[in-house]
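Below you'll find the structure, written out as structure tokens, and then a few comments.
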There are 2 protein chains.
Amino acid sequence: MSLPHAILTALLEKPSSGLELTRRFDRSIGYFWSSTHQQIYRELGRLEQSGHIRALPSEVPARGQKKEYEVLPAGRAELTEWVAAREDPKPVRDALLLRMRAAAVVGTAGLRAELERHLALHRRQLEEYRSIEERHFPPERDAEEDRLRHLVLRGGIDMERFWIEWLTQALKELAELEARPAGA
Amino acid sequence: MSLPHAILTALLEKPSSGLELTRRFDRSIGYFWSSTHQQIYRELGRLEQSGHIRALPSEVPARGQKKEYEVLPAGRAELTEWVAAREDPKPVRDALLLRMRAAAVVGTAGLRAELERHLALHRRQLEEYRSIEERHFPPERDAEEDRLRHLVLRGGIDMERFWIEWLTQALKELAELEARPAGA
DNA sequence: CCCGTTTATGCAACTAGTTGCAGAAGGGTG
DNA sequence: CACCCTTCTGCAACTAGTTGCATAAACGGG
């Protein structure tokens, strides 16, 4: 149940329309809570219904017309509460680890290429995070919000590093297994 | 679309009934692809329908009666194909990173306790993985399946280490922010 | 032998997220 | 102005996963 909170956070950072939110999700909040525009529109509707946000008054309220939303006090209160809420980490659900486990049973044929592809993707993501880090978090910026946002970004960076490391190990392991005759 | 593959893998490792599968998920495959018994039963039904697995013949085919499943050649083929399939990593979706980001906007009140709780949970999980490692993967075991399964487990271990590291940093950051007067 | 607990399977209803598509407004171009 | 492309909002239908509950057999006392 985090999408509404993701939206509230984004709207507090800056009031926006549905499409603007979608775009900002693609390059910021979406890095750790991705979402599609349809989900966002639906959730905006719900949040408006429940009095957490409201649409800024517009002259032309019609379909296809931009609608800006801002957070109401009830929305901010809800978010504040959520920050401190007790909520267990979700159990890991990762298809690649699962595939490796399957490979232990049915063999590793064709797996190397896929691992290399993932490795490249994670390297690219790491580069993207690093360039954001350089642009947004130079050493002199240390207002409270900056430090916390930087911390979140470092989480993303270290998670990519973890994958790069693991994939590298996995490829090495695969190479060794292929080098020795089956059953040796 | 990984649950059916998780089930196929588990059934290849050992033919089982629905409940047995559920239990094994709780302490093995479920570490990286968790699932409830209802989902497993439903999926077993589908896999049987589609000819990937079959129920072993039993004398008493009735409700409340144990039903063992085994994988058919079509199921093994499907799994083999999936191992090499092109499937992009799912974008990260993590509520705790999101909460930290929200905290940058609405403040960190009450967050420390929650971070400490998560830290303890991750430490416990790490300990569990390590004890599995000791029991199941002594240095002399290096058959192909063992090496790959060990690799998967090391993935789990390093992921827990990542969280422990990040949470430790986060708590340090929080302590520093609390130590200085707001706006300093 | 009746009764409560455990084992085992499963249905129904719900929530969250995804995919595909449609429709209205506005801007640019021949 | 007719056409098309982009922007923006949204519905409908689907898939995956969760929650709550029902049912049936088996087991173990008293």
Side-chain angles (χ1 to χ4, degrees), chain A residues 1-8 10-11 15-26 29-30 32-50 53-56 58-69 82 87-95 98, chain B residues 1-8 10-11 15-26 29-30 32-50 53-56 58-69 82 87-95 98:
Chain A
M1 262 278 301
S2 303
L3 180 58
H5 300 108
I7 291 177
L8 288 172
L11 285 181
S16 310
S17 67
L19 196 64
E20 273 167 27
L21 272 182
T22 304
R23 298 219 167 109
R24 286 170 55 208
F25 263 68
D26 282 345
I29 293 209
F32 27 89
W33 202 275
S34 65
S35 187
T36 59
H37 70 114
Q38 284 84 351
Q39 237 192 313
I40 288 172
Y41 281 120
R42 202 183 337 183
E43 209 57 56
L44 282 170
R46 284 181 196 157
L47 285 167
E48 190 178 20
Q49 274 294 311
S50 59
I53 64 175
R54 65 160 188 165
L56 291 175
S58 141
E59 319 81 63
V60 227
R63 196 192 167 104
Q65 209 60 30
K66 203 153 93 169
K67 220 196 299 184
E68 286 247 310
Y69 290 95
W82 182 66
E87 200 179 288
D88 285 346
K90 281 259 158 69
V92 177
R93 205 175 250 169
D94 185 88
L98 188 58
Chain B
M1 263 278 300
S2 301
L3 180 59
H5 301 108
I7 291 177
L8 287 172
L11 286 182
S16 310
S17 69
L19 197 63
E20 273 167 27
L21 273 182
T22 305
R23 298 219 168 109
R24 289 169 54 203
F25 263 68
D26 284 345
I29 292 210
F32 27 90
W33 203 275
S34 65
S35 187
T36 59
H37 71 113
Q38 285 83 351
Q39 238 193 311
I40 288 172
Y41 281 120
R42 201 182 340 182
E43 209 56 56
L44 282 171
R46 283 180 196 156
L47 285 166
E48 190 178 19
Q49 274 294 310
S50 60
I53 62 175
R54 64 160 190 166
L56 291 175
S58 142
E59 319 80 63
V60 227
R63 198 190 168 106
Q65 209 61 28
K66 203 153 96 168
K67 219 197 300 187
E68 287 247 309
Y69 290 95
W82 183 67
E87 200 179 287
D88 285 347
K90 281 260 158 69
V92 177
R93 204 175 252 169
D94 185 88
L98 189 59

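Protein chains get the first letters and strands the later ones, always in sequence-line order, with residue 1 at the start of each.
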- Note on the structure: Whole-Å distance, Asp88(B) CG to dT18(C) P, equals 14 Å
- Rounded to the Å, how far apart are Arg23(B) CZ and dA8(C) C1'? 9 Å
- Calculate the interatomic distance between Leu56(B) atom CG and dT9(C) atom P; express it in whole Å. 12 Å
- Of all the heavy-atom pairs spanning Ala10(A) and Arg24(A), show the shortest one and how long it is. O-NH2, 2.8 Å
- Note on the structure: Residues of residues 39-50 of chain B with a heavy atom under 4.0 Å from any atom of DNA chain C, listed by number, are Tyr41(B)
- Note on the structure: The answer to which of Ser17(B) and Lys90(B) contacts DNA chain C further toward the 5' end, by nearest nucleotide, is Ser17(B)
- Message: Any non-hydrogen side-chain atom of Tyr41(A) less than 4.5 Å from a side-chain atom of Leu19(A)?
- Response: yes
- To the nearest Å, give me how far apart CG (Asp26(A)) and P (dC8(D)) are. 13 Å
- Close side-chain approach of Leu44(A) to Leu21(A), heavy-atom, < 4.5 Å: yes
- Note on the structure: Value for CG (Leu8(B)) from OG (Ser2(B)), rounded to nearest 0.5 Å, stands at 11.5 Å
- Atom pair distance, as rounded to whole Å: CZ in Arg93(B) and P in dG17(D): 12 Å
- Message: Between Ser34(A) and Gly30(A) (side chain of the first, backbone of the second, donor and acceptor by atom type, cut-off under 3.5 Å), is there such a pair?
- Response: no
- Query: Which part of the nucleic acid, if any, lies within reach of Ser35(B) when heavy atoms closer than 4.0 Å are counted: base, sugar-phosphate only, or nothing?
  - Reply: nothing
- Item | Under 4.0 angstrom between Lys67(B) side-chain N/O and dG10(C) OP1 or OP2 | yes
- So, do Glu43(B) and Ser35(B) sit near enough that their side-chain heavy atoms are less than 4.5 Å apart? no
- For atom CD1 of Ile7(A) and atom P of dA16(C), their distance in whole Å: 12 Å
- Between dA8(C) (C1') and Glu68(B) (CD): distance, integer Å: 13 Å
- Message: Any heavy-atom pair between the side chains of Lys90(A) and Arg93(B) that's under 4.5 Å?
- Response: no
- Message: What is the separation between atom CD on Gln38(B) and atom P on dA16(D), rounded to the nearest whole Å?
- Response: 17 Å
